[in-house]
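For reference, the structure is listed below as structure tokens.
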Amino acid sequence: MDYNVYLLATDPNNACRDVIHSRDTSLKIRVFCVNKEPFNANANEIQLFGYANGKLYAFETIDIKAEDALDVVGAIQWYAEYIEFPEMEILPEDPRPGQNIAM
């Protein structure tokens, strides 16, 4: 079974602005710390959410291609391991009250 390898680009000025890159595909996912910064979903991208260490994270693809869509959850699971919270539950909807579902 093949496993994807992911790389992480970090912003030295903002710890909440990571970008997950797939080494072997064009998949890129921007990470937002929703508790610390505004997050407005892009209707053309996939958004998923997860709680870790009391913080809500939003994950949004960047220029998603159809062939990469199935790898999004695996990339987020990799990120959860990276931040040492492997039990992160990945949520398909924004859990904040009053937020629209991003589809």
Side-chain angles (χ1 to χ4, degrees):
M1 181 176 195
D2 290 336
Y3 291 96
N4 288 329
V5 174
Y6 299 103
L7 308 168
L8 191 66
T10 59
D11 183 340
N13 299 317
N14 186 344
C16 287
R17 277 298 171 107
D18 292 337
V19 178
I20 304 165
H21 293 261
S22 171
R23 182 189 68 179
D24 302 316
T25 70
S26 61
L27 178 65
K28 290 183 276 193
I29 301 171
R30 187 171 288 122
V31 181
F32 296 88
C33 296
V34 178
N35 298 359
K36 294 185 178 182
E37 64 182 328
F39 172 70
N40 297 307
N42 179 337
N44 296 318
E45 299 295 339
I46 296 171
Q47 296 85 28
L48 294 171
F49 301 85
Y51 284 102
N53 298 317
K55 293 192 274 187
L56 176 60
Y57 290 87
F59 301 92
E60 184 173 68
T61 58
I62 302 170
D63 299 325
I64 188 70
K65 293 180 177 42
E67 60 268 18
D68 294 332
L70 295 176
D71 295 330
V72 173
V73 170
I76 295 171
Q77 289 172 329
W78 173 87
Y79 186 79
E81 292 273 346
Y82 173 81
I83 62 170
E84 298 180 355
F85 204 85
E87 63 272 17
M88 176 190 284
E89 181 181 3
I90 300 170
L91 307 169
E93 299 175 1
D94 190 335
R96 298 175 292 169
Q99 296 298 312
N100 294 328
I101 298 171
M103 297 231 159

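Owing to the predicted nature of the structure, the values given are computational and were not obtained by experimental measurement.
Here the side chain of E60 pairs no donor or acceptor atom with the backbone of A41 at under 3.5 angstrom. Checking side-chain atoms of E45 against main-chain N and O of D63 turns up a donor-acceptor pair under 3.5 Å.
One distance of note links CD of E87 with CD of Q77; it measures 12.5 Å at 0.5 Å rounding. If you take CD1 on I46 and CD1 on I29, they are separated by 8.5 Å, rounding to the nearest 0.5 Å. N4 CG to D71 CG: the interatomic distance, rounded to the nearest 0.5 Å, is 4.5 Å. Of the inter-residue distances, the one linking K28 atom NZ with K65 atom NZ reads 7.5 Å to the nearest 0.5 angstrom. With rounding to the nearest 0.5 Å, the separation of CG in L56 from CG in D94 is 6.5 Å.
At a threshold of 4.5 Å between side-chain heavy atoms, the hydrophobic network of Ile, Leu, Val, Met, Phe, Trp and Tyr places F39 and V72 in two separate groups. A continuous path of ILVMFWY side-chain contacts below 4.5 Å connects I90 to V31, so both sit in one hydrophobic cluster. Linking ILVMFWY residues whenever their side-chain heavy atoms come closer than 4.5 Å, directly or via other members, leaves F32 and I76 in distinct clusters. Connection of L8 to V73 is established within a shared hydrophobic cluster, with ILVMFWY side chains joined at heavy-atom distances below 4.5 Å, either directly or through further cluster members.
Y51 and P95 make their closest contact through OH-CG, 3.6 Å (heavy atoms, listed as atom of the first residue, atom of the second, distance). Summarising the geometry of N42 relative to N44, their closest heavy-atom pair is OD1-N, 2.8 Å, with the distance given to 0.1 Å. Listed here is the closest heavy atom pair of V34 and A58: CG2-CB, 3.5 Å.
For E84, the CD atom sits in a loose shell: 12 or fewer heavy atoms of surrounding residues, nucleotides or ligands are nearer than 6.0 Å. No more than 12 heavy atoms of other residues, nucleotides or ligands sit less than 6.0 Å from atom CG of N40.
The salt bridge (charged side-chain N to carboxylate O under 4.0 Å, His left out) analysis of residues 47-59, with sequence neighbours excluded, yields no pairs.
The side-chain contact (heavy atoms from CB on, under 4.5 Å) check on A52 picks up Y57, I83, F85, M88, with sequence neighbours excluded. Here S26 pairs with D68 under the side-chain hydrogen bond (donor to acceptor under 3.5 Å, both in side chains) rule; sequence neighbours left out. In this structure Y82 satisfies the ring-ring contact (aromatic ring centres under 6.0 Å, His included) test together with W78, sequence neighbours excluded.
In this structure, L70 stands alone, with no Ile, Leu, Val, Met, Phe, Trp or Tyr side-chain heavy atom under 4.5 Å from its own, directly or through other members.
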Pair up each side-chain donor or acceptor in residues 16-25 with any protein partner under 3.5 Å, not counting sequence neighbours, and list the distances.
from, atom 1, to, atom 2, distance (Å)
R17, NE, E37, OE1, 3.1
R17, NH2, E37, OE1, 3.2
D18, OD2, Y79, OH, 2.7
S22, OG, D24, N, 3.4
S22, OG, T25, N, 3.2
S22, OG, T25, OG1, 2.9
T25, OG1, L27, N, 3.2

